[in-house]
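Take a look at the structure below.
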Amino acid sequence: MTHEFDLITLGAGSGGVAASRRAALHGAKVAIVEGRRVGGTCVLRGCVPKKLLMYAAQHGDAFAEARGYGWTVGETAFDMARWQASKSAETARLEGIYRQMLAGAGVTLVEGWARIAGPHTVVVGDRTLTARHILVATGAAPVTDSIPGIEHCATSDDLLDLAALPDRAAIVGGGYIAVEFAAMLARLGVQVALHYRDRLPLRGFDEMLRTACAAALQAAGVQLHPGAAPRRIERSGTSLLLELGDERIVAFPWVLNATGRRPNTAGLGLALDARGAVQVDAGLQTSVPGVWAIGDVTDRKNLTPVAIAEGRALADTLFGSTPRTVDLSRVASAVFTLPPMASVGPSEDEAVRAGHTVQVFETEFRPMRQAFVGGQERTRMKLLVDAHDDRVLAVHMVGTDAPEIVQSLAVALTAGATKAHFDRTIAVHPTAAEEFVLMREPVRTVAPPAATPAARLS
Ligand code: NDP
């Protein structure tokens, strides 16, 4: 049976665009369907505008620091409307580039909402498209049913479109979005209360990062409320009332719902797992032969570079001569709090639970730039080393430039670097990163409980 296209991609976000362009490069005839703007969450509502807001927030610290470096700084004020206008212009520029890249690769852009009508058939409005392969790259959206009444709260999408910031805000949740926006809003003059249900933010991260995150947020003026996620939220006039577990009710003019994101699966007709994500096998095939899925809609590692890597690998497999899969066992990631944090490899607990005897190397210091102006911000670094074969299992860091530093060290870990390689590396001085090659003695060695099976991390 002949089809109009070789590939129809649903969703023109980072993953879908990367897969479509790579497939077209291999000579495939490709259509990409998008119901909103081209660019997806990362470019339009996530990573990019978030980081632009982070840069704005960093200036709050920079003005204060500049005085310590001899500058006279006049009155400063942040104007969200001006940031907003510049951000909208920048995301429009990036959307234009994405559209050009698709057109340049010969990919047909079909604007509208897609429904999968059969293994090779996609319906968009009154148009029926057919293809040998269908790729689902529809991403995820904020959950709006995690807590009764949470639908009254703003999401990160709404926050990034505000023309003015509230004076006071509550943030519900303790994950990536909650802590990043708490750190930013506090520096932009908002009084922030962070309500989360665990004892520390960032469940699943290394304990060092979680503790440092809480301390840094507190130092920035964020009120932390661990174990105090609301049971219910109600609207009352212009306020939102958060009913806490201890019967207390607190009112805020503005509340951010940062309780997670859920895959966009409406109209797909595919098998979903218990969390509502499209199930895929190791080769990214869904329950329907010829229908594939990548990125956040599969809810595994919800990070833009993962979706891009999966999209390219799938296109190479289906249309190129280099079939391959993506190894998700050691994906580096960053949390853009202030200071930022970044990790590659397991947390200390995870490494020990996986059966490793772990040598833990740690260092903590006040960075030179901060110490000079009497700042109290601290940089913390941690290396986890397998005591049996000296392999560096993980790198964790909180401090200025952590994401940039950890990205480079991730290459070393991918290459199988040992602690001896780190020790032989000559430092670049004076930098913070040099501390990673200057750690001499472990602060502790942690063995797994005797009963732990030797299911070692690869
Ligand atoms: P996360 O999954 O990171 O965090 C969700 C938070 O909501 C957790 O703290 C969770 O608590 C809490 N939560 C969930 N349900 C409830 C509930 N019913 N009551 C109270 N609290 C609840 O989601 P985010 O929305 O922050 O981010 C979504 C994804 O986007 C991330 O997983 C990440 O993959 C990606 N992202 C990546 C960024 C980056 O790379 N820098 C930045 C932003 C997002 P608990 O921990 O107790 O379960």
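Whatever order the structure lists them in is the order used to number ligands and atoms, beginning at 1.
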Main chain of [Y], side chain of [X]: is a donor-acceptor contact present, judged purely on distance under 3.5 Å?
X: Thr337; Y: Val179; answer: no
X: Thr298; Y: Ile294; answer: no
X: Arg231; Y: Glu243; answer: no

* Test item, Lys301 contacting ligand 1 (heavy atom, 4.0 angstrom) -> no
* Among all protein heavy atoms, pick the one closest to atom 42 (C) of ligand 1 and tell me residue, atom and distance. => Glu180 OE1, 3.3 Å
Where the closest heavy atom to [atom] is concerned, which of [options] has it?
atom: atom 34 (O) of ligand 1; options: Thr337, Asn302, Asp299, Thr155; value: Asn302
atom: atom 3 (O) of ligand 1; options: Tyr176, Phe336, Phe181, Tyr196; value: Tyr176
atom: atom 12 (C) of ligand 1; options: Thr41, Ile177, Leu202, Thr259; value: Thr259

Does the N or O separation between [X] and ligand 1 drop below 3.5 Å for any pair?
X: Gly174; value: yes
X: Asp198; value: no
X: Gly260; value: yes
X: Ile147; value: no

* Is it the side chain (CB and beyond), the backbone, both or neither of Ala258 that lies under 4.0 Å from ligand 1, heavy atoms counted? -> backbone
* Asked: Heavy-atom contacts under 4.0 Å between Pro142 and ligand 1: side chain, backbone, both, or neither?
  -> neither
* Sidechain N-carboxylate O distance under 4.0 Å for Arg93, Glu90 ->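 Salt bridge present between Arg93 and Glu90.
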* What residue among Glu65, Arg378, Gln376 forms side-chain hydrogen bond (donor to acceptor under 3.5 Å, both in side chains) with Gln370? ->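 Testing Gln370 for a side-chain hydrogen bond (donor to acceptor under 3.5 Å, both in side chains) against Glu65, Arg378, Gln376 leaves exactly one candidate, Glu65.
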* Do the ring planes of Trp292 and His133 sit parallel (below 30°), tilted (30 to 60°) or perpendicular (above 60°)? -> tilted
* Can you tell me which residue pairs pass the side chain to side chain donor-acceptor pair (under 3.5 Å) test with a partner in residues 37-58, sequence neighbours excluded? =>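 Side chain to side chain donor-acceptor pair (under 3.5 Å) check on residues 37-58 returns Arg37-Glu95, Thr41-Arg261, Lys50-Glu180.
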